[in-house]
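Proteins get letters first, then strands, A, B, ... in listed order; numbering begins at 1 in each.
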Amino acid sequence: MKISNAKSALVAVSSGNQCLTNPNLIPLFNKYVDKTSVSSWNSVIAELARDRDSVEALRAFASMRKLSVVPNRSTFPCAIKSCSALFDLRSGKQAHQQAYVFGLDLDLFVSSALIDMYSKCGYLVDARTLFEELPQRNVVSWTSMFTGYVQNGLSHDALLLFKDFLKEEGESEGEVHIDSVALVSVLSACSRVSGKSITEGVHGFIVKRGFEEDTGVGNTLMDAYAKCGNVGVSRKVFDELNEKDVISWNSMIAVYAQVGKSAEALELFYSLVRDKNIHYNTVTLSAVLLACAHSGALQVGKCLHNQAIKMGLQETVYIGTSVVDMYCKCGRIEAAKRAFDQMKEKNVKTWSAMVAGYGAHGRAKEALDVFYRMNSAGVKPNYITFVSVLAACSHAGMLDEGNYWFSTMENKFGIEPGVEHYGCMIDLLGRAGRLSEAYNLIKKMKVKPDFVIWGSLLAACRMHKNVELGEISASKLFELDPKNCGYYVLLSNIYADAGRWDDVERMRIFMKNRGLTKPPGFSLVEFKGRVHVFLVGDVEHPEHEKIYAYMEKLYVDLEEAGYMPNMTSVLHDVNEEEKGMSIRVHSEKLAVAFGLMSSVPGATIQVIKNLRICGDCHSMIKLVSKIRKREIVVRDSKRFHHFRDGFCSCKDYW
DNA sequence: GTAGGGTTAG
């Protein structure tokens, strides 16, 4: 019997039980499938399940039962797997019931599939109950249970279960034995709990049992080490893998892309391209596009987009979404829109990426338009979609719209606001000067306010000169993030504005005594397909001398045009002259200068900054855009600033 | 004929 023919026959006669009632189809069906033979049905169901045609597989299973063909232990696993693939708990339960009737529910093969089915449908308790009922278990039963916990966000329980497994393995005298698949599952639990010692422990076990050369185990190990902050070890595991498959490369590239090591991600991708033995795929491209998005590598991103088109992949929803996100984060919102419009299939992530993109560019109206269209298209917004919607309102200062969607998301969409949603609202209220409302909202929060929340309130207190609430926010921030000096500076500024010089002095001594740090600011500029990094006062860049010389000339022109340094956001513990020096060499200024001197006249300059842009850089770049007649785009940690002819797209609201 | 690993939105 040819399976593919069987499949077309089956498809022809399917739609449930019509195969029995439609006389024209019965001869066709009979030609390929002996409808009384269980093994014929098993082959058909297995083939359909393998083709991921789960709906047809379940129809075949139903038809078979209609014909009263008795299923055997080979029938159920594939049928149940199809239920899992469709998250069809009802059919899964029916299959469980039938397996029970035929005395097969405790069969190792059937029960493993059932455990997997219950887990995938979110019914972990049923999965565990069945697992406990099993008279004997093998490593597959255990693995199904491990992954069940991991996929339901209970990785800690998966690790606890692993301890039970080791006990049973020790007592079973060879009946139960760990394999690489089980180890992959355990490692994925490690990577989700981000525990360094547990990952190292499992790694030791892997070496002891001789699995360290297994490619699958190595691939997951890389991810687990990266998730607990040890990217160097991930790279070591990668380098030491004897047989790297495409997933090994993808994992390492994704690790780099996710931790923001974009240059390393790109470099590794280039060596993968040079390695003719391995063909990269959609996953690779997605990861590299993410690296471009992070580092603003637009030229490289464009090449990858073209490459995806050549490979016929631009319409897949993964790649499409990555491309949209890349253009948004590289400041090319119109290109993002074009890519977005061309996509035939869009999911909630695609829509949310577009909403977020418009929001970050301060184009709240368009963000909301996309959001409305998403609803009309019948795609349900989720938690993150509403973060994007509220962030769009916050970037544009649209308090009423923000308020509306903040209450609607819970009342109409049943999504409980999380710390990110509150963050947008505190920001909106705070900047509108409604400080006590903002403070009351914080007090009403069901989730614990984080440093973003208190940071927004503190910044608003500075803006609106409120000492009392500023002190409250600052004291919370000193607890949450005691080493970050940014908050001490802000509070000190609030005191200075109020003329409370004793308190300013107190803060200065406070900071001095505590070895406080500020995350180092850096800016990125892409030039000829390479991303250049600038730190504040950079002397590492090979052309730094030329850049400083260029800046001297630039400052002369700027001062002629009326530029006055604005020091309000500078530390109080340096003298006036030092202040002037450090502000002149902020990383975004160096990056803009490098962009100006190294690009052709008229070209847009694009800078990515890891922190928020400071007030002085903002006014300086506005002026630069005017006197040098250039469009300059700066993406800071919060949003985009498009500078043109002396103005910024944020309208100085940021 | 059963179980496992990599990717996209704030």
* Whole-Å gap separating C1' (B:dG5) and NZ (A:Lys244) -> 17 Å
* If you look at every strand shown and take non-hydrogen atoms under 4.0 Å, does A:Phe146 touch a base, only sugar-phosphate, or nothing? -> nothing
* To do: Determine the contact category for A:Lys638: base if any of its heavy atoms lies under 4.0 Å from a base atom, sugar-phosphate if only primed atoms, P, OP1 or OP2 are that close, otherwise nothing.
  => nothing
* Asked: What does A:Lys120 touch in the nucleic acid at a heavy-atom separation under 4.0 angstrom: a base, only the sugar-phosphate, or nothing?
  -> sugar-phosphate
* Asked: What's the CD1-P distance between A:Ile45 and B:dT2, to the nearest Å?
  -> 13 Å
* **Passing candidate, ring-ring contact (aromatic ring centres under 6.0 Å, His included) with A:Tyr422, options A:Phe386, A:Phe406, A:Trp454** => A:Phe406
* Asked: Within the structure shown, what part of the strands sits under 4.0 Å from A:Ser112 by heavy-atom distance: base, sugar-phosphate, or nothing?
  -> nothing
* Sugar-phosphate, base or nothing in reach of A:Ala46, heavy atoms under 4.0 Å -> sugar-phosphate
* Nucleotide of B:dG5, B:dA9, B:dA3 approaching A:Val139 most closely (side-chain heavy atoms) -> B:dA3
* Please determine if a side-chain N or O atom of A:Gln258 lies less than 4.0 Å away from the OP1 or OP2 oxygen of B:dT7. => yes
* Atom pair distance, as rounded to whole Å: OH in A:Tyr318 and P in B:dT8 -> 9 Å
* Asked: Contact class for A:Asn281 vs. all strands (heavy atom < 4.0 Å): base, sugar-phosphate, or nothing?
  -> base
* Asked: Which part of the nucleic acid does A:Ala287 contact within heavy-atom distance under 4.0 Å: base, sugar-phosphate only, or nothing?
  -> nothing
* Just checking A:Asn382: base, sugar-phosphate only, or nothing, at a heavy-atom cut-off of under 4.0 Å? -> base
* Give one of base, sugar-phosphate or nothing for A:Ser185, where a contact means two heavy atoms less than 4.0 Å apart. => nothing
* Checking all strands, does A:Thr282 fall into the base, sugar-phosphate, or nothing category for heavy-atom contacts under 4.0 angstrom? -> nothing
* Which part of the nucleic acid, if any, lies within contact of A:Asp179, taking any heavy atom under 4.0 Å across all strands shown: a base, the sugar-phosphate backbone alone, or nothing? -> base
* Structure fact -> Out of B:dA9, B:dT7, B:dG4, minimum distance to the side chain of A:Ser286 belongs to B:dT7
* **Sugar-phosphate, base or nothing in reach of A:Leu290, heavy atoms under 4.0 Å** => sugar-phosphate
* To do: May I ask you to verify if any side-chain N or O of A:Lys81 is less than 4.0 angstrom from the OP1 or OP2 atom of B:dG1?
  => no
* Asked: Which is true for A:Thr385 with a 4.0 Å heavy-atom rule: it touches a base, it touches only sugar-phosphate, or it touches nothing?
  -> nothing
* Quick one: label A:Asn72 by what it contacts on the DNA or RNA (base, sugar-phosphate, nothing), any heavy atom closer than 4.0 Å. => nothing
* Give me the ring orientation class for A:Phe146 and A:Trp142: parallel if the planes are under 30° apart, tilted from 30 to 60°, perpendicular past 60°. => tilted
* Residue A:Ser251, side-chain heavy atoms: nucleotide from B:dG6, B:dG4, B:dT8 that is nearest -> B:dG6
* To do: Apply salt bridge (charged side-chain N to carboxylate O under 4.0 Å, His left out) to A:Glu401 and A:Lys365, showing your working.
  => CA-CA 10 Å; A:Glu401 282 83 355; A:Lys365 196 184 158 295; over 6 Å; no
* **Of the listed nucleotides B:dT7, B:dA9, B:dT2, the one nearest the side chain of A:Ala254** => B:dT7
